[in-house]
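Naming: A, B, ... by sequence-line order, numbering from 1 per chain.
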Amino acid sequence: MKIGYPCINRSLSCKGNRTFRLRSYTKERLQQTIQNNLDCLSQILRYNLDHGIFFFRISSDLIPFASHPICTFPWQRTFHNHFSKIGQFIKRHDIRISMHPDQFIVLNTPREDVFQRSVAELAYHAEVLDLMELDTTAKIQLHVGGIYGDKSQSIKRFINRFNVLDASIKRRLVIENDEKSYAIQDCLQVHDKTSIPILFDYFHHTLINNHEPLVDVLEHCRTTWMKKDGIPMVDYSSQKPHNTRGTHAEHLDSYDFTRFLHQSQPFDFDLMLEIKDKELSAVNALKIIQSTPRFIPPLHR
DNA sequence: AGTTGTCAAGCTAGT
DNA sequence: ACTAGCTTGACAACT
């Protein structure tokens with residue numbers, strides 16, 4: 001089991017997800033920002049290594065406007081060596097990598113223009129991982145999408161859209177259960193038709209589910225990950241107290257987390273902590289795991 | 001330096 | 001037909 005956190009490190013002074021407004025786009029500005037973001041990504045990975053964190057989600061803002069028509073700058077070529085070096089570091093230290101395109105990327109949208117933009121954005125994500133020369137255990141996670149008044153039609157549309165994607169995207173794509181529309185059972189239905197691995201989101205699962213025991217869900221999800229995909233990825237968060245249902249917690253809730261560790265016995269997976277205080281929770285989780293060694297899967301070193 | 005409005009992009013529920 | 005909320009941080013324009 002590797003422990004990870006998404007995109008941002010708040011202990012370091014650098015920011016790896018700097019961006020700017022479309023209005024202020026220049027190729028110089030873009031180049032500076034990419035340079036900054038790649039340098040900071042290197043620093044974050046080094047920090048993680050020093051703290052025993054071997055799982056990381058790279059920010060979608062790494063290359064601002066990468067899939068936007070305004071961006072004609074050949075960042076792939078210009079920063080080829082940067083990507084290559086970061087990739088070597090990742091591989092040398094056996095770091096697991098994921099990416100998570102944001103809410104605007106929707107494969108099952110009825111709108112052709114939205115679909116095309118989504119494909120372009122996915123291609124950018126795949127390109128980043130390819131430039132780092134990472135194998136297919138580096139994943140891009142996506143929700144199934146919207147309902148549009150007809151869930152089974154929308155699931156079919158997802159499947160049809162997935163089937164026409166480029167192989168470079170397909171081999172990295174995994175789907176994640178969301179907090180209001182598509183539960184694990186729905187994802188399994190998509191998996192049956194597409195063989196897409198399912199990334200289990202524990203927090204979302206507590207919000208919509210079909211009352212399946214956790215171990216059954218973990219077992220189902222496990223079988224969707226082939227050898228080439230690596231061990232399953234799981235997202236973990238908990239409810240922020242006294243807030244709208246679905247809000248992610250500020251800090252790791254050690255009681256809930258410990259219970260989750262016990263309940264998820266004996267499964268092994270790489271765990272992404274979607275907690276607002278990011279790397280602090282990851283370090284905290286490692287401490288909790290190490291203090292209850294008998295109950296938890298072997299920790300990656 | 002601090003505050004506030006705004007940002008490329010979507011979906012859903014509510015009016 | 002339109003808007004707020006989701007979740008979210010940070011840019012950018014303003015005091």
Can you measure [X] atom [atom1] to [N] atom [atom2] for me and round it to whole angstrom units?
| X | N | atom1 | atom2 | answer |
| --- | --- | --- | --- | --- |
| I70(A) | dA9(B) | CD1 | C1' | 14 Å |
| R57(A) | dG9(C) | CZ | P | 14 Å |
| D61(A) | dA10(C) | CG | C1' | 9 Å |

Whether the [X] and [Y] side chains hold a donor-acceptor pair (N or O, under 3.5 Å, no angle test) is what I'd like checked.
| X | Y | answer |
| --- | --- | --- |
| H82(A) | Q35(A) | yes |
| E176(A) | H100(A) | yes |
| E121(A) | S67(A) | yes |

Please pick, from [options], the nucleotide with the shortest atom-to-atom distance to any side-chain atom of [X].
| X | options | answer |
| --- | --- | --- |
| V114(A) | dC11(C), dG10(B), dA8(B) | dG10(B) |
| R23(A) | dA12(C), dG9(C), dT12(B) | dA12(C) |
| V106(A) | dG9(C), dG10(B), dA10(C) | dG10(B) |
| Q103(A) | dG10(B), dC11(B), dA9(B) | dG10(B) |
| I147(A) | dA9(B), dT12(B), dA10(C) | dT12(B) |
| I105(A) | dC7(B), dA9(B), dT12(B) | dA9(B) |

message = With a cut-off of less than 4.0 Å, is there a side-chain N or O of R21(A) near OP1 or OP2 of dT6(B)?
response = no
Taking any heavy-atom pair under 4.0 Å as a contact, classify [X]: base, sugar-phosphate, or nothing.
| X | value |
| --- | --- |
| Y148(A) | sugar-phosphate |
| S67(A) | base |
| R117(A) | sugar-phosphate |
| S181(A) | nothing |

query = Is R259(A) salt-bridged to D253(A), going by a charged N under 4.0 Å from an acidic O?
reply =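 Not counted as a salt bridge, because no side-chain N and carboxylate O are separated by less than 4.0 Å.
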message = Stacking between F104(A) and dA9(B), defined as ring centres under 5.5 angstrom apart with planes under 30°, is that present or not?
response =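 F104(A) ring centre within cut-off of dA9(B) base, planes near parallel; stacks.
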task = Report yes or no: is the cationic atom of K2(A) (NZ for Lys, CZ for Arg) closer than 6.0 Å to the six-membered ring centre of F56(A), at no more than 45° off its axis?
result = no
